[in-house]
**Q** 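The structure under discussion is supplied below as structure tokens; questions concerning it will follow.
Everything numeric here is computed off the predicted structure, so don't read it as measured data. In what follows, every heavy atom counts, from backbone to side chain, and hydrogens, waters and symmetry copies are set aside.
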Amino acid sequence: RMALDATLAFFETGAKADLTVIGDGPLRREMEATARAHPNGGQVTFVGKIAMDRLVDELHAGDMFLYPSFHHGLATIVLQAMRTGLPVVCIEGDATGRAVGQEAGITVPLSGTEAPAQGLARAISELADDEPRRRALAAAAQRIAIERYSYAALSCRMESIYKNHAP
């Protein structure tokens with residue numbers, strides 16, 4: 001829901017962009033109703049649960065990946081988006097925020113003075129208004145996904161941990 005609110009706020013600036021919401025969940029009907037009621041709701045498409053090959057196509061068609069979930073660990077979809085070459089906009093402070101950092105996207109700090117959706121909308125706007133930065137973050141996201149989170153990289157790290165902590 002926070003992703004939808006942030007994107008609708010971004011659209012209110014006159015942005016010529018769209019949001020594709022992938023997946024199903026308990027908030028889908030509410031989110032669809034919110035989008036229908038909003039003047040810019042026509043810029044939002046809900047595709048529901050899709051097959052992996054279509055998901056990869058959808059990721060390749062995107063310019064950035066918005067993932068505002070917090071305290072859910074590092075979701076594989078975030079790594080898939082990074083591997084595809086999408087900069088990630090997320091909340092700062094959890095596993096996703098640590099994986100993305102400021103080198104693979106924009107992490108938005110939680111603040112007592114600003115609603116998270118407003119911070120996310122600002123981050124979306126920053127990337128939309130600065131194509132060289134968006135491209136640099138996209139390239140870094142792809143590199144980080146491969147260097148730090150590929151099966152080969154993770155297995156090397158695990159092996160190192162076992163070797164260094166063996167009795």
**Q** Taking side chain to side chain donor-acceptor pair (under 3.5 Å) as the definition, give me every residue that meets it alongside Thr76, ordered by chain and number, with sequence neighbours left out.
**A** none

**Q** Kindly list each side-chain donor-acceptor pair under 3.5 angstrom involving residues 12-23, sequence neighbours excluded, with atom names and distances?
**A**
from  : atom 1 : to    : atom 2 : distance (Å)
Glu12 : OE2    : His38 : NE2    : 2.7
Thr13 : OG1    : Phe10 : O      : 2.5

**Q** Which heavy atom of Val108 sits nearest a heavy atom of Ala123, and at what distance?
**A**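 Closest approach of Val108 to Ala123: CG2-CB, 3.9 Å.
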
**Q** Quick one: closest heavy-atom pair of Pro116 and Leu110, and the distance?
**A**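 Residues Pro116 and Leu110, closest heavy atoms: CG-CD2, 3.9 Å.
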
**Q** Which side-chain N or O atoms in residues 125-134 pair as donor and acceptor under 3.5 Å with protein atoms at least two apart or in another chain?
**A**
from   : atom 1 : to     : atom 2 : distance (Å)
Ser125 : OG     : Asp129 : OD2    : 3.3
Glu126 : OE1    : Arg133 : NH1    : 3.1
Asp130 : OD1    : Arg133 : N      : 3.2
Glu131 : OE1    : Arg134 : NE     : 3.0
Glu131 : OE2    : Arg134 : NE     : 3.4
Glu131 : OE2    : Arg134 : NH2    : 2.8
Glu131 : OE2    : Arg135 : NE     : 2.9
Arg134 : NH1    : Asp63  : O      : 2.8

**Q** Sequence neighbours excluded, which residues qualify as salt bridge (Lys or Arg N to Asp or Glu O under 4.0 Å) partners of Arg28?
**A** Asp24, Glu32

**Q** Looking at residues at least two apart in the chain, or sitting in another chain, which of them share a side chain to side chain donor-acceptor pair (under 3.5 Å) with Gln142?
**A**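 Checked Gln142 against side chain to side chain donor-acceptor pair (under 3.5 Å); zero matches.
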
**Q** How would you list, by chain and number, every residue that makes a salt bridge (Lys or Arg N to Asp or Glu O under 4.0 Å) with Glu30, sequence neighbours excluded?
**A**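 Expected list: Arg1.
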
**Q** Do Val44 and Thr34 pass the side-chain contact (heavy atoms from CB on, under 4.5 Å) test, and can you show the C-alpha distance, the side-chain angles, and the key distance before you say yes or no?
**A** CA-CA 10 Å; Val44 181; Thr34 299; over 6 Å; no

**Q** Considering all heavy atoms of both residues, which atom of Ala138 and which atom of Gly85 are nearest to each other, and what is their separation?
**A**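 Ala138 and Gly85 have their closest heavy atoms at CB-O, 3.0 Å.
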
**Q** Can you give me the closest heavy-atom contact between Ala6 and Leu120, atom names plus distance?
**A**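 Smallest interatomic distance, heavy atoms only, reads CB-CB, 3.6 Å.
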
**Q** Can you give me the closest heavy-atom contact between Leu74 and Ala95, atom names plus distance?
**A** N-CB, 3.7 Å

**Q** What is the minimum heavy-atom distance between Gly101 and Thr107, and which atoms define it?
**A** O-CG2, 3.4 Å

